[in-house]
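Okay, structure first, notes after.
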Amino acid sequence: MPSSDIALARARGLVAQIVPEDVADAGPAEDLRDYGLDSVRVMDLIARVAEQGGQIGYADLVGGPTLALIASALDGAAPTPQPTPQTEGHR
């Protein structure tokens, strides 16, 4: 899969976790507001994109959030590593 296809799949996966409608068949340019992506869910999406190493802002999404737009923010981005708790006795 080319990196843009991977990013599109990652975007679809993130959106699927947030919106109430099934986005499995959503086209890359379809407006995700039609799938239930409202302003509150956009804030959640922004945080999830950041956790995946991407960068996107509210202003980027307000005009018409699409999978392609989210994928472009994720393309080439690596997930942010989460800190692991130190176990007692290990330094």
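When reading the values below, keep in mind they use all heavy atoms of this one structure, side chains included, and skip hydrogens, waters and symmetry mates. Position 1 is the first residue of the sequence; numbering continues from there.
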Step-by-step side-chain contact (heavy atoms from CB on, under 4.5 Å) determination, Val15 to Tyr35
CA-CA 9 Å; Val15 172; Tyr35 293 85; 5.9 Å; no
Rounded to the nearest 0.5 Å, what's the gap from [atom1] on [X] to [atom2] on [Y]? Could you check?
| X | Y | atom1 | atom2 | answer |
| --- | --- | --- | --- | --- |
| Ser72 | Gln55 | OG | CD | 11.5 Å |
| Leu74 | Arg10 | CG | CZ | 5.0 Å |
| Ile18 | Asp38 | CD1 | CG | 10.5 Å |
| Leu67 | Leu32 | CG | CG | 4.5 Å |
| Leu69 | Ile56 | CG | CD1 | 4.0 Å |
| Asp5 | Asp75 | CG | CG | 9.5 Å |

Side-chain (Glu30) to main-chain (Gly27) donor-acceptor, under 3.5 angstrom:
yes
Does Arg12 reach the main-chain N or O of Val23 with its side chain, forming a donor-acceptor pair under 3.5 Å?
yes
Where do Ile70 and Leu8 land on the side-chain contact (heavy atoms from CB on, under 4.5 Å) test, with the steps shown first?
CA-CA 8 Å; Ile70 298 161; Leu8 187 59; over 6 Å; no
Run the side-chain contact (heavy atoms from CB on, under 4.5 Å) test on Asp31 and Thr66 for me, step by step, so that the C-alpha distance in whole Å, both residues' side-chain angles and the decisive distance to 0.1 Å come before the verdict.
CA-CA 5 Å; Asp31 191 327; Thr66 65; 5.5 Å; no
Under a 4.0 Å N-O cut-off, is there an ion pair linking Arg41 with Asp44?
no
Given Val49 and Leu14, is the side-chain contact (heavy atoms from CB on, under 4.5 Å) satisfied, shown in steps?
CA-CA 8 Å; Val49 168; Leu14 288 178; 4.0 Å; yes
Which atom pair, heavy atoms only, marks the closest approach of Val42 to Tyr58?
CG1-CD1, 3.5 Å
Taking CD in Gln17 as the centre, count heavy atoms belonging to other residues, nucleotides or ligands within less than 6.0 Å. Is the count above 12?
yes
